[in-house]
Amino acid sequence: MQGHTDTHFEEELRDLKAEILKMGAIVEEMIARSTQALVARDSHMAEEVMSQDPEVNQLEMGIDERCLQLLALRQPAASDLRFIILGLKISKDLERMGDLSVDICQQVTQLNLEPQLKPYQDLPRLAATAQRMVKQALDSFVKRDAELANQVCEMDDEADDLKDQIFQDVVTIMQKETEAAARGVRLILVARHLERIADHATNIAEEVIFMVNGKDIRHGGAKLRH
Amino acid sequence: MAEDKIKVADLNAWFGSHQVLKDIGFSMSEKTVTAIIGPSGCGKSTLIRCFNRMHETVPQARVSGQIQLSGKDIFREDPVRLRQRVGMIFQKPNPFPTMSIFDNVVAGLRLNGVKDKSRLEAVARQCLIKAALWDEVKDKLKDSGTSLSGGQQQRLCIARALAVSPEVLLMDEPCSALDPISTARIEELIHELRPNYTIVIVTHNMQQAARVSDFTSFLYMGELIEHGETKQLFTNPREKRTEDYITGRFG
């Protein structure tokens with residue numbers, strides 16, 4: 001797309017995008033390392049991930065402020081407006097993903113205090129799916145690729161199915177071994193957090209589709225007319 | 001859906017050999033506000049000056065195609081009668097400089113032969129109220145129209161246009177010479193007039209177009225590139241040239 005005649009505005013939009021990508025890269029790393037900490041039972045790594053949260057929070061506030069200023073001072077229209085609205089939403093989704101990575105790590109540090117309940121099979125698969133979704137959602141944002149974003153939305157069912165499978169397996173163990181209950185609940189929480197990360201990746205993908213072609217596909221695209 | 005108030009088809013306009021409008025076609029529903037946007041020289045003002053046949057008054061200017069007002073060909077109508085039905089507000093407020101505020105408002109009625117003082121007073125009051133100027137001028141109706149501020153003068157011109165009971169109001173950059181407060185008053189006035197009049201506003205200020213209009217037409221080099229609902233055109237235009245213009249990407 002041709003650049004704006006006003007080069008300062010062009011630069012401000014470029015800076016906003018760079019800031020979103022910076023936040024995206026940090027959150028992507030937090031998610032990867034939190035699942036690594038889980039699988040490798042590495043509490044030190046979990047602590048490191050938790051220490052990254054304040055930086056993500058600061059980036060969220062910074063992005064929100066940039067978006068607010070652009071809306072107030074530039075009165076953007078059309079694709080510029082949709083991009084800035086996406087900025088406001090994506091920062092929320094990324095911040096929540098950062099929080100969920102921290103939540104996973106909190107469970108990991110507790111889980112590592114006791115013997116492993118069972119070999120993790122579906123959990124790493126769920127983690128890999130969630131990470132793939134986050135990466136692809138951010139790629140679709142960079143490339144302004146609605147098709148790529150659409151694929152992310154389709155992967156959400158896979159994440160939901162894996163979470164359901166993990167719930168079922170862990171509940172079965174908990175029914176047999178009552179002393180496994182605490183660890184079982186923690187594993188269920190981890191699965192739930194990963195599935196929520198996948199949901200936020202889906203949100204980002206939906207927002208990218210809106211940014212690219214102006215179509216709101218959330219909730220099946222159904223909208224009540226007022 | 002309201003009926004078409006103005007319907008334009010195959011409209012072309014020239015100044016001498018220079019064609020300024022090319023095959024324009026679109027409709028405006030009754031009691032709606034349509035904004036016409038586009039870069040300087042794209043034909044915005046010429047387009048609205050065709051609606052009250054002012055374009056033809058320029059030497060060497062000509063026009064072809066159809067414009068219907070309430071289903072009737074305007075080119076078959078007496079231009080003077082047409083201009084009563086289609087009032088116009090210009091960029092620079094232009095009250096008659098030798099006339100009082102009161103005389104300005106009723107000038108059109110007097111030209112039409114209305115002499116009854118109580119009727120003139122009633123219309124002047126009513127139109128000044130409609131133009132949101134009454135409270136500011138009710139105690140000085142005999143003062144000169146030019147004694148008012150720019151924003152007040154523009155509202156006086158709107159009151160003057162309303163006095164002859166038009167159906168359509170054409171506004172050619174009505175706020176470009178006004179400060180932000182006066183601009184806000186005119187925009188508020190457009191909202192208040194909308195239930196009773198069909199309004200067409202030419203503006204260089206895209207935020208103004210977005211604020212006041214129901215529909216927007218984007219003209220570029222004499223062509224109508226896009227005409228659609230304002231909320232759609234400013235959030236997700238269909239045409240790339242519209243997108244480039246409203247996001248400031250025209251080099």
Side-chain angles (χ1 to χ4, degrees), chain A residues 1-17 66-90 140-141 144-147 149-150 205-218 221-226, chain B residues 1-2 33-42 44 175-176 179-181 183-184 187 201-221 224-251:
Chain A
M1 194 181 278
Q2 188 185 345
H4 293 80
T5 307
D6 183 338
T7 53
H8 289 288
F9 184 36
E10 182 77 18
E11 211 170 293
E12 286 164 358
L13 289 173
R14 218 172 22 232
D15 289 349
L16 172 62
K17 185 174 182 181
R66 275 178 198 274
C67 292
L68 194 68
Q69 283 179 2
L70 283 164
L71 287 171
L73 304 180
R74 297 294 189 174
Q75 290 124 37
S79 59
D80 294 338
L81 174 64
R82 301 201 303 271
F83 170 67
I84 294 165
I85 296 293
L86 171 126
L88 281 171
K89 290 183 167 185
I90 216 172
S140 72
F141 167 66
R144 302 176 63 90
D145 186 338
E147 181 47 43
N150 205 34
E206 289 169 345
E207 287 148 16
V208 168
I209 291 168
F210 180 69
M211 175 184 76
V212 175
N213 59 25
K215 287 205 178 84
D216 190 350
I217 63 152
R218 294 172 305 166
K223 204 165 12 177
L224 289 173
R225 288 245 164 235
H226 293 293
Chain B
M1 190 75 186
V33 179
T34 301
I36 300 178
I37 60 168
S40 295
C42 70
K44 304 182 294 290
C175 302
S176 60
D179 67 57
I181 302 292
T183 297
E187 290 180 4
I201 176 171
V202 164
T203 178
H204 269 299
N205 181 334
M206 279 179 289
Q207 277 72 42
Q208 180 172 64
R211 284 192 297 265
V212 302
S213 70
D214 305 299
F215 297 90
T216 298
S217 301
F218 170 53
L219 250 64
Y220 184 61
M221 294 174 79
L224 179 64
I225 306 299
E226 185 164 349
H227 171 80
E229 271 195 87
T230 298
K231 58 187 173 191
Q232 185 257 326
L233 192 135
F234 278 93
T235 54
N236 194 17
R238 288 190 304 271
E239 298 291 329
K240 187 180 177 302
R241 278 179 291 182
T242 316
E243 167 89 29
D244 286 350
Y245 182 68
I246 63 172
T247 57
R249 287 187 167 89
F250 267 1

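Convention: sequence-line order gives letters A, B, ...; per-chain numbering from 1. Atom set for the values below is all heavy atoms of this structure, side chains included, hydrogens, waters and symmetry mates excluded.
- Between atom CZ of residue A:Arg74 and atom OG1 of residue B:Thr247 there is a gap of 12.5 Å, rounded to the nearest 0.5 Å.
- Applying the salt bridge (Lys or Arg N to Asp or Glu O under 4.0 Å) test to A:Arg66 and every residue at least two apart in sequence or in another chain returns nothing.
- Across B:Arg249 and A:Ser79, no two heavy atoms sit closer than the pair NH1-OG, 4.0 Å.
- Put simply, the side chain of A:Gln75 never gets that close to the backbone of B:Gln207: no donor and acceptor are under 3.5 Å apart.
- With rounding to the nearest 0.5 Å, the separation of CE in A:Met211 from CG in B:Asn236 is 12.5 Å.
- With sequence neighbours excluded, the residues forming a salt bridge (Lys or Arg N to Asp or Glu O under 4.0 Å) with B:Glu187 are B:Arg211, listed by chain and number.
- Atom CG of A:Leu73 has more than 12 neighbouring heavy atoms from other residues, nucleotides or ligands inside a 6.0 Å radius.
- Side-chain atoms of B:Glu243 never come within 3.5 Å of backbone atoms of A:Ala78 as a donor-acceptor pair (strictly under, hydrogens ignored).
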Verdict with supporting geometry, B:Thr235 and A:Arg82, side chain to side chain contact (heavy atoms under 4.5 Å, CB included): CA-CA 7 Å; B:Thr235 54; A:Arg82 301 201 303 271; 5.5 Å; no
